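Here the structure comes first, spelled out in structure tokens, and everything after it is commentary.
In what follows, chains carry the letters A, B, and so on, assigned in the order in which the sequence lines appear, proteins first and then strands, with residues in each chain numbered from 1. Being a predicted model, the structure only gives us computed values, none of them experimental.
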Amino acid sequence: MMTNGEIAKMLAMTADLLEIKGENPFKVRAYRNAARIVENSSKDFDKLVKEGFDLTRLPGIGKDLSEYIKEIVNTGKFHKLEELKKEIPQGLVDMLSIEGLGPKRVKQIYDAFGVTSLEELKKYAQSGELDKLPGFGPKLIEKILKGIKQLKKAGIRFLWAEVEDIAEDLREYLLKFEGVEIVEIAGSYRRKKETVGDLDILVVAKDYPKVSEYFIKYPEVKEVHSAGLTRSTVFLQNGLQVDLRAVSHESYGAALHYFTGSKAHNIEIRKIAISLGMKVNEYGVYKDDKKIAGESEEEVYKAVGLCYIEPELRENRGEIEACRENRLPKLIKREDLRGDLHIHSNYSDGANTIEEIAKKAIELGYEYIAITDHSKRLKVANGMDEKKILRQFEEIDRLNEKFKGKIYIFKGCEVDILEDGSLDYDEEILEKCEIVNAAIHYKFDLPRELQTKRVIKAINNPFVTTISHPTGRILHKREEMSLDFELIFSEAVKNGVFLEINSQPDRLDLNDVLIKQAIEKGVKLVINSDAHNLKSLNFVKYGINQARRGWCEKKNVINTLSLKELKGMLRE
DNA sequence: GCCGTTTTCGGCCCGACTGTTTTCAGTCG
């Protein structure tokens, strides 16, 4: 079984090696394209191949790449990549992640000195040998030496929630400067991607060079990388890269569109423009060298014959076709949520009493919440036993009397799915729960087939309401479990079990691609905070972000229903 | 390597910044 990620990685690696080899850059691009297509697809390529689907039907994949992908799926290997690896040392690929070194210069260094590792490169740079190459001046050499040191930092991505405050602080800082009219944070931040590589800030200002000067004096700036007439780049203390770009009013929409990306989406838009005899760049849309649009994003889309596409959808995952066929989703909003069905109280590892949580939920405008504390096995999280949960339910009954007409508290639990797929409570307890969130908290590395069986057994348990954090991943810490989601989706639909979008900023599973797949299969989702304190009830905004990236509408999410409607959907 | 209501050949997204030269290549996003 090859995942889309694994296939994409092999194709991208091939592209890197071909590039160092000095292959036709358009061929290299074709491999990169293919990698991106596979990576971004909402379909499993492994399945597509095994079902005999004609891959050449996908734009960007032709006869050759189709065969190569089949080879990778069927054998787990790619002969072209194997050959290239023999030919080109891994050290050269490592060099690509040095700032300022691309394929051309790496090849130049390799051809001249036979350098095959970062160690060797360092020696040549320090000894002054490297200066002899044409185009290698003292500044570039200094940059390379610095790049070798900072190599590890390259490629780190921050959680969206981690940069949220930084981004907003920067926005405020820039708005304070005289003559600054608009500050917008574009890039993957605006697309609400779960992780963000850098911040792209767009400003409309009277006197950009002055703004740039002000920008690089921001107290958190550690290093100024470049400062030009329309762009500047800095690194903050925590390593985050921030790009500032200046535009005029007339180009604001085109620039916002351009810098919001994604790259794949932009390329598609430009291709469409070309087919219409137009040109799109960050300054506007041009026909016969005459500017016909650029002030707003709506205008840009309209000029190329499209409707406005929400930033979260701009990943070239079918949004352009959907727009043409007038079937773009009407994305869910935070205000659509009427309750939260996964909250921990101080009965297990939460910080607050149920009453405190209920009051906060009323403040948030919710009609209902579910208190779902951990079950027995999870001792590290103060998991509850039978006696304790019964006591808790008595308290919930009392509170429901007290808050009648204001909020309804569901009696629930987050019950462990044991290794064999059975649950960590007996029926006597489960039947007293109105909401049963079943979740895996250990043995994350079972083989795909066993893990899938484990989850499906839980889905088929008549007491289970929801599978919580279904992939078990923790961003930057733990890989997702190996699961056959196609099967899980169809079992979830069959059994009327909901799948959770967990809003913890480092979980956010299901992820965007899986959400889209789930919706296409008719799965009902639930967006929960998994809050352990009052403040993190607000985490649902991250869950909403992820849902929107997965083309999620209000109708796909059960906690947008009224209390009455929801109760009608739950098991007796 | 992909693609085709001008095409099976000859294009392929587009511009800014840097460092090196002195008009441009390489890199980056």
Side-chain angles (χ1 to χ4, degrees), chain A residues 11 14-15 18-37 55-69 80 95-109 130-144 146-147 154-155 186-189 196-202 208-209 212 224-234 241-247 251 254-255 257-286 304 316:
Chain A
L11 293 171
T14 309
L18 286 172
E19 198 167 32
I20 296 173
K21 217 182 142 188
E23 262 286 4
N24 176 357
F26 296 104
K27 186 198 267 195
V28 175
R29 184 187 294 174
Y31 277 85
R32 293 243 159 84
N33 268 339
R36 210 182 48 221
I37 291 164
L55 296 177
T56 63
R57 281 170 55 191
L58 304 171
I61 295 184
K63 205 168 137 261
D64 289 358
L65 276 161
S66 156
E67 288 306 314
Y68 296 157
I69 292 171
K80 275 201 144 205
M95 288 183 209
L96 286 180
S97 44
I98 295 171
E99 167 87 34
L101 279 191
K104 294 265 168 58
R105 285 176 181 151
V106 167
K107 184 170 191 301
Q108 208 181 343
I109 295 169
L130 224 48
D131 305 45
K132 290 175 188 155
L133 291 178
F136 283 70
K139 285 204 171 164
L140 181 58
I141 303 231
E142 197 185 317
K143 200 170 169 182
I144 290 170
K146 210 171 122 200
S188 51
Y189 181 79
V196 173
D198 59 9
L199 288 179
D200 290 292
I201 306 183
L202 208 61
Y208 176 71
S212 175
V224 179
H225 177 267
S226 65
L229 283 174
T230 63
R231 320 184 150 184
S232 324
T233 297
V234 301
Q241 181 182 336
V242 185
D243 296 336
L244 188 75
R245 339 210 172 209
V247 291
S251 299
H257 177 260
Y258 181 77
F259 293 121
T260 296
S262 67
K263 196 170 169 173
H265 175 87
N266 284 355
I267 289 175
E268 284 309 304
I269 299 293
R270 285 176 180 200
K271 280 189 193 162
I272 291 169
I274 291 171
S275 74
L276 297 170
M278 303 180 199
K279 186 177 88 166
V280 175
N281 60 25
E282 58 259 59
Y283 300 108
V285 184
Y286 297 84
V304 296
N316 195 26

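Of the C1' atoms belonging to dT8(B) and dC2(B), the separation is 12 Å, rounded to the nearest Å. dG10(B) and dA16(B) have their C1' atoms separated by 28 Å, given to the nearest Å. If you take atom C1' in dT5(B) and the same atom in dG1(B), they sit 24 Å apart, rounded to whole Å. dA25(B) and dT21(B) are spaced 14 Å apart, taking the P atom of each and rounding to whole Å. On the P atoms, dG11(B) is 29 Å away from dC17(B), given to the nearest whole Å. With both ends at atom P, the span from dG19(B) to dC12(B) equals 30 Å, rounded to whole Å. Separating the P atom of dG29(B) from that of dT23(B) is a span of 29 Å, rounded to the nearest Å.
In this structure, Lys143(A) places its NZ atom 9 Å from C1' of dC17(B), rounding to the nearest Å. Summarising the geometry, the separation between CZ on Phe259(A) and C1' on dC14(B) is reported as 10 Å, rounded to the nearest angstrom. Rounded to whole angstrom, the span from the CG atom of Leu18(A) across to the C1' atom of dC2(B) amounts to 15 Å. Rounded to whole Å, atom P of dG1(B) lies 15 Å from atom CD1 of Ile37(A). When the C1' atom of dC3(B) is taken as reference, atom NZ of Lys27(A) falls 16 Å away, rounded to whole Å. Taking atom CG of Leu244(A) as the reference point, atom C1' of dA16(B) lies 14 Å away to the nearest angstrom. As a whole-Å value, the separation of Leu276(A) CG from dT5(B) P is 13 Å. Between Arg36(A) atom CZ and dC12(B) atom C1' there is a gap of 13 Å when expressed in whole angstrom units.
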Find every protein N or O atom lying less than 3.5 Å from an N or O atom of nucleotides 8-10 of chain B, and list the pairs.
none

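Side-chain atoms of Asn33(A) do not come within 3.5 Å of backbone N or O of Arg36(A) as any donor-acceptor pair. When atom types are taken as modelled, the side chain of Ser251(A) and the backbone of Ala254(A) share no donor-acceptor pair closer than 3.5 angstrom. At distances below 3.5 Å, not a single donor-acceptor pair connects side-chain atoms of Glu19(A) with backbone N or O atoms of Lys104(A).
Comparing Val280(A) and Lys139(A), the nucleotide of DNA chain B nearest to each residue sits closer to the 5' end for Val280(A). The residue among Lys271(A) and Asn24(A) whose nearest nucleotide of DNA chain B lies closer to the 5′ end is Asn24(A).
For dG1(B), one of the phosphate oxygens OP1 or OP2 lies less than 4.0 angstrom from a side-chain nitrogen or oxygen of Lys80(A). In this model, the phosphate group of dG1(B) is approached by a side-chain N or O of Tyr68(A) to a distance below 4.0 Å at OP1 or OP2. At dG15(B), one or more side-chain N or O atoms of Lys279(A) fall inside 4.0 Å of OP1 or OP2 (strictly under the cut-off). At least one side-chain nitrogen or oxygen of Tyr283(A) sits closer than 4.0 Å to the OP1 or OP2 atom of dA16(B).
Across all strands, Leu11(A) comes closer than 4.0 Å to no nucleic acid atom at all (heavy-atom distances). Using a 4.0 Å heavy-atom criterion, one finds that Pro59(A) contacts the sugar-phosphate atoms exclusively. Contacts of Ala227(A) with the nucleic acid, taken as non-hydrogen atoms under 4.0 Å apart, involve only primed sugar atoms and P, OP1 or OP2. Here Pro134(A) lies out of heavy-atom contact (under 4.0 Å) with every strand.
Applying the salt bridge (Lys or Arg N to Asp or Glu O under 4.0 Å) test to Lys63(A) and every residue at least two apart in sequence or in another chain returns nothing. Shown here are the side-chain hydrogen bond (donor to acceptor under 3.5 Å, both in side chains) partners of Ser232(A), two or more places apart in sequence or in another chain: Tyr208(A), Ser212(A). Checked against side-chain hydrogen bond (donor to acceptor under 3.5 Å, both in side chains), Asp243(A) has the following partners two or more places apart in sequence or in another chain: Thr233(A), Gln241(A), Arg245(A). Checked against salt bridge (Lys or Arg N to Asp or Glu O under 4.0 Å), Glu23(A) has the following partners two or more places apart in sequence or in another chain: Lys27(A). Taking Arg105(A) as the reference, nothing meets the salt bridge (Lys or Arg N to Asp or Glu O under 4.0 Å) condition, with sequence neighbours excluded. Taking Lys271(A) as the reference, Glu268(A) meet the salt bridge (Lys or Arg N to Asp or Glu O under 4.0 Å) condition, with sequence neighbours excluded. For the ring-ring contact (aromatic ring centres under 6.0 Å, His included) test, residues two or more places apart in sequence or in another chain that qualify with Tyr189(A) are Trp160(A).
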- Going 5' to 3' through nucleotides 24-29 of chain B and flagging B where a protein heavy-atom sits under 4.0 Å of the base, S where only the sugar-phosphate is that close, and - otherwise, we get --SSSB
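Going from atom OH of Tyr286(A) over to atom CG of Asn281(A) covers 5.0 Å, rounded to the nearest 0.5 Å. Summarising the geometry, atom CG belonging to Leu11(A) is positioned 8.0 Å from atom CD1 belonging to Ile61(A); distances are rounded to the nearest 0.5 Å.
Nucleotide dT8(B) is matched to nothing when pairs are restricted to Watson-Crick or G-U wobble geometry with both distances under 3.5 angstrom.
You won't find any donor-acceptor pair under 3.5 Å spanning the side chain of Asn33(A) and the base of dG1(B), going by distance alone.
With a glycosidic angle more than 90° from 0, dT6(B) adopts the anti conformation.
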